[in-house]
Amino acid sequence: MERSLQRLGLTLIKNALANVVRGGATAIVALTLPHFLTRALDHDRFAAWALMLQIASYVGYLDFGIQTAIARYLAQAMERGDDKLRDRLVSTAFSMLSTAGVLALLLFSLVVWQLPRIVHGIPANLIGELRGGIIIMAASVALLLPMSTYTGILIGLHRNEFPALAIGGARLIGALAVILSAKYTHSLLWFAICLATANLAGALIQYFAVRRLLPKLRLALADVTRGMLTELARYCSGLTVFSFAMLLVTGLDVLIVGHFNFRSVGYYAIASTAVTLFAGLSNSCFNAMMTPVAVLQERGQYGQIADLIIKTTRFSSYASLILTFLAPIYGRYLLHLWVGSSYEVAALPILEVLLCAQAIRMLGNGYSIALIGTGQQNYGIGGALAEGISNLVLSLIGAVWLGPIGVALGTLCGAAIGVLWMLFFTMRWASLIPVSVRAFSEETLLRPLLCLAPLEIYVVLFARKNFADLNVVYLLLASSLSVVLSSRWGKVLPKGLSQPQNRVAS
């Protein structure tokens, strides 16, 4: 048993590292493209580019969680050695994702047709290019939907390194192609073609990797069964609500800003991109938990799942809180290096608010992944909807009253509502995972806040004051004290707080 847990732990670390590589490639793209394009394009064209990427990304929400379902069910099928279940799973999932791709094309045709009414103030000379770019991006992502079946298979096989290299490499190559294109043309159409071609190439690499790892895998219409279709639909119903809620939380902000004030899209997109970058790296680590959690459930080791949630969330809290507290100190300087002086002043306040929102939202990531891995994602529907709806409503109100910063404040309030719902409702309902609300709150929020108190005090008192060399001394002192406190109280669980226990689900 001990050796089995050690192997599972090594698999988790390997997959997390692979996901970090994938997230790192995304991070490089997120950092590099704005750095070059804010300097190569005028403000309106860069805003149109950001809007095009945002709208095209909506196709990804039509995955309906099927890729995640593939990874979970395949991991369990391989654990049992059931090849027939594997083939039925893959064939049914592929057919569902193909249908989603057709639906995506229909929906985005409607969006492109109504674009001037959805986003007000787009310059007339950009409407045609923007429409064409959205069509190209949406069509490529619609093709990627059925191909994402193979991403789910690789994750279910614990071979996250293949999606990491294929998807990460495709994003890097696509970004390089966009940067080279920007030297010779400012056409949004060419930018879209570069990204679409690279992404499709990455999908083909994953297809061939699956064929090499599972040469006997059968993908056939005859293996599409009503039973598997019903099972996947039942499992994905909760994930679909999660995806819809995430669309309300993070997917509509740029569009809301564009609807009320197209000129501010570039500023908000810069801040949103920076936060999405750091969130993506964190999510890459958390997502690696999903298949090991499914295996632990198969073995009935629910206490191990609870400990895994608390430990991973605690480390994530340290990282997100440190990043949030450092933003007021170095944010403007880093934004100046990244996107230039024309964006730094307007983007910084939005960035600070969104980082606070992200630090709060990260508290729920590990628990949400564990719910998905154990098939209890439906318990998280209420919290996801509470956050998503409150985020949308408050962001719309904030946009009318305060402009772009109001949209960010709406996101912050929505994140707080979502975490409170998880603590007071979801953790009590999803009793299969024995996580104590008190233990979770102490270990993942109160303890990191107390350990980082010197840094927090420094930020409040001195961050926006110009003390030159003395400022650096205070920062080093605060950081050193935080490290000492963290090493003393930040790593050890209180005795008896969350001891591993094996519990078989009733």
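What's counted below: heavy atoms across the whole structure, side chains too, no hydrogens, waters or symmetry copies. Residue indices begin at 1 and follow the sequence shown.
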Roughly how far, to the nearest 0.5 Å, is [atom2] of [Y] from [atom1] of [X]?
X      : Y      : atom1 : atom2 : value
Leu355 : Gln358 : CG    : CD    : 8.0 Å
Leu172 : Ile167 : CG    : CD1   : 12.0 Å
Thr444 : Tyr318 : OG1   : OH    : 10.5 Å
Ile135 : Met52  : CD1   : CE    : 12.0 Å
Thr426 : Ile381 : OG1   : CD1   : 10.5 Å
Leu144 : Thr149 : CG    : OG1   : 11.0 Å

Would you say [X] and [Y] make side-chain contact, with heavy atoms under 4.5 Å?
X      : Y      : value
Trp49  : Val178 : yes
Ile55  : Leu115 : yes
Leu396 : Val400 : no
Pro163 : Gln206 : yes
Gln67  : Leu97  : no
Lys216 : Asp83  : no
Met147 : Leu143 : no
Leu363 : Ser317 : yes

Please report the shortest heavy-atom distance between [X] and [Y], naming the atom on each side.
X      : Y      : value
Ala142 : Pro146 : O-CD, 3.2 Å
Gly152 : Ile70  : C-CG2, 3.7 Å
Leu308 : Thr312 : O-OG1, 2.7 Å
Ala56  : Ala138 : CB-N, 4.5 Å
Gly388 : Leu248 : O-CB, 3.4 Å
Ala93  : Ile66  : CB-CG2, 3.8 Å

Pairwise side chain to side chain donor-acceptor pair (under 3.5 Å) hits with a residue in residues 191-202, at least two apart: none

Sequence neighbours excluded, every pair satisfying side chain to side chain donor-acceptor pair (under 3.5 Å) that has a member inside residues 385-395: Arg361-Glu387, Asn391-Ser395

Tabulate below the donor-acceptor pairs under 3.5 Å that side-chain atoms of residues 228-237 make, not counting sequence neighbours, or state none.
from	atom 1	to	atom 2	distance (Å)
Thr230	OG1	Arg226	O	2.8
Glu231	OE1	Arg234	NH1	3.1
Glu231	OE2	Tyr73	OH	2.8
Tyr235	OH	Ile372	O	2.6
Ser237	OG	Arg234	O	2.7

Test log, rule side chain to side chain contact (heavy atoms under 4.5 Å, CB included), inputs Ile122 and Val119: CA-CA 7 Å; Ile122 303 176; Val119 182; 3.7 Å; yes

What donor-acceptor contacts under 3.5 angstrom involve side-chain atoms of residues 253-262, with partners at least two apart or in another chain?
from	atom 1	to	atom 2	distance (Å)
Asp253	OD2	Tyr268	OH	3.1
Asp253	OD2	Thr411	OG1	2.8
His259	ND1	Ile118	O	2.8
Asn261	OD1	Arg263	N	3.3
Asn261	ND2	Ser264	OG	2.8

Qualifying salt bridge (charged side-chain N to carboxylate O under 4.0 Å, His left out) pairs with a residue from residues 127-142, counting only residues at least two apart or across chains: Arg45-Glu129

Audit row: Leu394, Leu409, side chain to side chain contact (heavy atoms under 4.5 Å, CB included) steps and yes/no: CA-CA 8 Å; Leu394 294 174; Leu409 289 171; over 6 Å; no

Residues forming a salt bridge (Lys or Arg N to Asp or Glu O under 4.0 Å) with Arg428, sequence neighbours excluded: none

Non-neighbouring partners of Asp87 that pass salt bridge (Lys or Arg N to Asp or Glu O under 4.0 Å), sequence neighbours left out: none

Sidechain-backbone polar pair: [X] side chain, [Y] backbone, donor-acceptor under 3.5 Å:
X      : Y      : answer
Thr374 : Leu371 : yes
Ser140 : Met137 : yes
Ser91  : Val224 : no
Arg211 : Leu217 : yes

Atom CG of Leu221 with >12 non-hydrogen neighbours under 6.0 angstrom: no

Please name all residues satisfying ring-ring contact (aromatic ring centres under 6.0 Å, His included) with [X], sequence neighbours left out, ordered by chain then number.
X      : value
Phe425 : Trp421, Trp429
Tyr150 : Tyr207
Phe64  : none

Pairs meeting criterion ring pair (Phe, Tyr, Trp, His ring centres under 6.0 Å) with involvement of residues 82-106, two or more places apart: none

Ring pair (Phe, Tyr, Trp, His ring centres under 6.0 Å) contacts touching residues 361-388 (sequence neighbours left out): none

Residues Ser441, Val437; criterion side chain to side chain contact (heavy atoms under 4.5 Å, CB included); working and verdict: CA-CA 6 Å; Ser441 302; Val437 174; 4.2 Å; yes

Pair Leu107-Val111, side chain to side chain contact (heavy atoms under 4.5 Å, CB included): steps then yes or no: CA-CA 6 Å; Leu107 289 176; Val111 170; 5.7 Å; no

